[in-house]
Amino acid sequence: MPTLKLAPASVSDYRRLAERRLPRFLFDYLDGGAYGEVTLARNVRDFERLELHQRILRDVSARSTATTLFGSELTLPLALSPVGLSGMMAPRGEAVARKVAGAFGIPFCLSTLSVCSVEETAAAGSGPLWFQLYMIRDRGACADLIARARASGVSVLALTVDLPVVGTRYRDVRNTMSGGGGAWARLRKGLLSYALHPAWVLDVGLNGRPHVLGNIAPYAKNASTPADFSAWANASIDPSISWADLAWIRSKWSGPLVIKGILSPEDAQEAVNHGADGIIVSNHGGRQLDGVASSVSMLPRIANKVSGQTALLVDGGVRSGQDILKAMALGADAAMVGRPWVYALAGAGEAGLLAQLNAFHGEFSVSMALTGVNRVTQIDRTIVSLHSASS
Ligand SMILES: Cc1cc2nc3c(=O)[nH]c(=O)nc-3n(C[C@H](O)[C@H](O)[C@H](O)COP(=O)(O)O)c2cc1C
């Protein structure tokens with residue numbers, strides 16, 4: 001178990017720091033998954049079960065981890081997944097993450113349900129900025145969000161499709177963060193939790209204001225607290241969304257359109273048929289349908305179906321540079337991380353997030369060398385296999 005007196009080096013170290021720093025209900029919201037958290041655990045475990053193949057004497061002195069995605073040059077085949085309410089985990093969390101990701105050379109994807117608006121986030125840095133869209137019942141609000149994203153310089157629109165209804169996370173229920181009238185009650189009455197985390201209270205609770213959800217504030221007229229905004233979002237995300245809506249989105253957005261939350265080869269093909277420029281193989285980090293397969297276990301089948309027709313990304317359980325390499329080996333053009341970037345930012349601030357990204361880079365580069373690969377384009381299925389002993 002890593003101790004807090006040692007310098008953090010890995011995702012699990014930053015997770016521990018975040019656990020120390022955040023009020024319990026916020027850490028649980030970030031860390032938890034749906035129901036019994038079976039899929040949450042599966043996402044990580046299935047990456048661990050993949051075995052890399054060590055290769056030798058291949059002159060790996062001139063390696064490059066660089067790649068190109070949607071026309072942008074990236075330092076590493078990695079992007080930061082959208083995580084709602086990140087601005088409650090660190091002061092102006094989304095703006096800081098966009099600044100760090102941009103300077104490092106990877107895309108940051110902003111959630112619809114973020115504290116910082118797309119305008120504030122865009123102004124905080126440079127580099128590729130993506131915007132994640134939930135289909136809102138009020139199509140006027142939806143069209144306006146897309147227009148604001150375009151005006152802010154967003155390069156990729158990611159439509160999340162695995163949340164027509166919001167999954168239940170029992171940790172949030174236990175913390176009275178979800179469940180009708182009790183929604184986010186902790187934010188108002190979690191005095192013990194606040195008392196135990198004075199650094200968070202000062203840093204985020206006071207200095208990180210305002211705690212409105214910047215993207216949806218213009219449409220959620222009577223909302224003023226995160227509790228109100230959460231309730232608005234739960235009531236406003238449209239469960240009637242279907243394939244037919246993609247044409248409507250296309251009419252509002254001409255740039256690259258990515259569909260996030262695909263877990264079946266048939267749905268992947270359907271997305272391609274509807275003109276998706278990219279697909280994110282994802283189960284929402286195990287926060288929606290508990291019991292569903294891990295993202296990485298579905299990746300090869302989805303790659304077999306649509307590889308070459310669309311950009312392929314994957315998130316859920318990526319915890320190291322080795323995992324990024326494994327994802328690439330199984331057909332992804334890039335991997336994405338959700339919780340890991342928020343753990344680092346919440347646990348150790350801007351410097352922590354930069355250190356975590358550098359750690360991913362170092363791990364990925366060393367793992368390329370030890371699997372005998374010099375270029376991202378050389379990564380293929382020959383460098384990975386399923387660990388037979390644990391299957
Ligand atoms: C606290 C939390 C909030 C999230 N909010 C969103 C969101 O607003 N929109 C979205 O598309 N995905 C959201 N996700 C899912 C992530 O984008 C991503 O798919 C998932 O975190 C990947 O798994 P990982 O955390 O194991 O990397 C959220 C995930 C977490 C942990």
Side-chain angles (χ1 to χ4, degrees), residues 11-12 14-15 18 22 25-34 37 39-48 78-90 93-94 97 107-116 118 130-136 145 156-164 166-167 169 171-172 175 177-178 213-216 226 229-230 233-234 236-237 241 258-263 279-289 292 294-296 299 313-320 323-324 327 332 334-346 356 360:
V11 169
S12 59
Y14 285 109
R15 176 179 177 274
L22 293 172
F25 71 98
L26 275 182
F27 178 74
D28 279 346
Y29 167 72
L30 171 62
D31 196 57
E37 302 190 341
T39 297
L40 173 66
R42 224 172 242 172
N43 277 346
V44 174
R45 189 201 64 202
D46 284 355
F47 266 108
E48 287 171 354
L78 182 70
L80 303 189
S81 292
V83 172
L85 296 169
S86 307
M88 298 305 296
M89 311 289 169
E94 297 92 356
F108 174 72
C109 187
L110 182 72
S111 164
T112 296
L113 305 178
S114 55
V115 170
C116 299
V118 65
W130 301 1
F131 184 76
Q132 175 267 324
L133 183 73
Y134 282 126
M135 191 62 119
I136 307 291
L145 272 173
V156 172
L157 188 69
L159 176 71
T160 295
V161 293
D162 59 5
L163 200 137
V166 183
R169 297 129 202 177
R171 293 201 218 180
D172 294 347
N175 288 321
M177 256 186 80
S178 59
L213 298 200
N215 291 324
I216 60 172
F229 282 110
S230 252
N234 286 353
S236 301
I237 291 174
I241 184 173
V258 172
I259 309 297
K260 176 175 185 285
I262 286 188
L263 213 56
I279 282 170
I280 305 175
V281 178
S282 175
N283 51 35
H284 216 99
R287 295 167 72 79
Q288 284 294 101
L289 180 56
V292 82
S294 68
S295 314
V296 71
L299 177 61
L313 296 102
V314 63
D315 76 10
V318 174
R319 297 292 180 265
S320 66
D323 291 345
I324 301 171
M336 299 177 75
V337 287
R339 293 178 185 83
W341 73 260
V342 189
Y343 292 146
L345 188 65
Q356 176 62 80
F360 281 140

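Both ligands and their constituent atoms are indexed starting at 1 by order of listing.
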Which part of Gln132 is near ligand 1, with near meaning a heavy atom under 4.0 Å away: side chain, backbone, both or neither?
side chain
shortest atom 6 (C) of ligand 1-to-protein heavy-atom contact is with Pro82 O, 3.3 Å
Report, in ascending order of atom number, the atoms of ligand 1 lying under 4.0 Å from any heavy atom of Gly317.
24 (P), 26 (O)
Look at atom 24 (P) of ligand 1 and say which protein heavy atom is nearest, naming residue and atom and giving the distance to 0.1 Å.
Arg339 NH1, 3.5 Å
Rounded to the nearest 0.5 Å, the CD atom of Gln132 sits from the OG atom of Ser114 at a distance of 9.0 Å
Relative to ligand 1, is Thr160 under 4.0 angstrom through side chain, backbone, both or neither, heavy atoms considered?
side chain
Got an N/O contact under 3.5 Å between Arg287 and ligand 1?
no
for atom 18 (C) of ligand 1, nearest protein heavy atom and its distance come out as Asp315 OD2, 3.1 Å
Val337: which of Val342, Leu78, Val83 passes side chain to side chain contact (heavy atoms under 4.5 Å, CB included):
Leu78
the protein heavy atom lying closest to atom 8 (O) of ligand 1 turns out to be Ser111 OG, 2.7 Å
So, does Val337 sit close enough to ligand 1 that a heavy atom of it is under 4.0 Å from the ligand?
yes
Taking a cutoff of less than 4.0 Å between a non-hydrogen atom of the residue and any ligand atom, is Asn43 in contact with ligand 1?
no
Which residue and non-hydrogen atom of the protein lie closest to atom 9 (N) of ligand 1, and at what distance in Å?
Tyr134 OH, 2.9 Å
Taking only heavy atoms of Leu30 into account, list the atoms of ligand 1 that are under 4.0 Å away from them.
1 (C), 31 (C)
Gap between atom CD1 of Ile136 and atom CG of Leu145 - 0.5 Å precision:
6.5 Å
Protein residue, atom and distance nearest to atom 12 (N) of ligand 1, heavy-atom basis
Lys260 NZ, 3.0 Å
Rounded to the nearest 0.5 Å, what separation is found between the CD1 atom of Ile216 and the CZ atom of Phe229?
6.0 Å
Return the OG to CZ distance between Ser294 and Arg42, rounded to the nearest 0.5 Å.
7.5 Å
Check whether any N or O atom of Gly338, backbone or side chain, sits under 3.5 Å from an N or O atom of ligand 1, and answer yes or no.
yes
N/O to N/O below 3.5 Å, does that happen between Pro340 and ligand 1?
no
Would Arg339 and Asp31 pass as an ion pair if we require N to O under 4.0 Å?
no
Is it the case that ligand 1 has an N or O less than 3.5 angstrom from some N or O of Leu113?
no
How far does CG of Leu163 sit from CG of Leu289, to the nearest 0.5 angstrom?
11.5 Å
Against the six-membered ring of Tyr29, is Arg287 placed for a cation-pi contact (under 6.0 Å from the centre, within 45° of the normal)?
yes
Rounded to the nearest 0.5 Å, what's the gap from OH on Tyr343 to CE on Met89? Could you check?
10.0 Å
If you measure only the distance, is there a donor-acceptor pair under 3.5 Å linking the side chains of Asn283 and Thr39?
no
In plain terms, say whether Arg169 and Glu37 are close enough for a salt bridge, that is, a side-chain N and a carboxylate O under 4.0 Å apart.
no
His284 vs Tyr134 aromatic rings, parallel, tilted or perpendicular, using cut-offs 30° and 60°?
parallel
According to side chain to side chain contact (heavy atoms under 4.5 Å, CB included), who are the partners of Val44, at least two apart in sequence or on a separate chain?
Glu48, Arg319
Record the part of Arg319 in heavy-atom contact with ligand 1 below 4.0 Å; permitted values are side chain, backbone, both and neither.
side chain
Note: Tyr29, heavy atoms under 4.0 Å from ligand 1, region reported as both
Identify, for atom 4 (C) of ligand 1, the protein heavy atom at the shortest distance, and state residue, atom and that distance.
Gly84 N, 3.5 Å
Looking only at heavy atoms, is any part of Ser282 under 4.0 Å from ligand 1, and if so is it the side chain, the backbone, or both, or is it neither?
side chain
Output the list of atoms in ligand 1 that are nearer than 4.0 Å to some heavy atom of Val83, sorted by atom number.
1 (C), 2 (C), 3 (C), 4 (C), 5 (N)
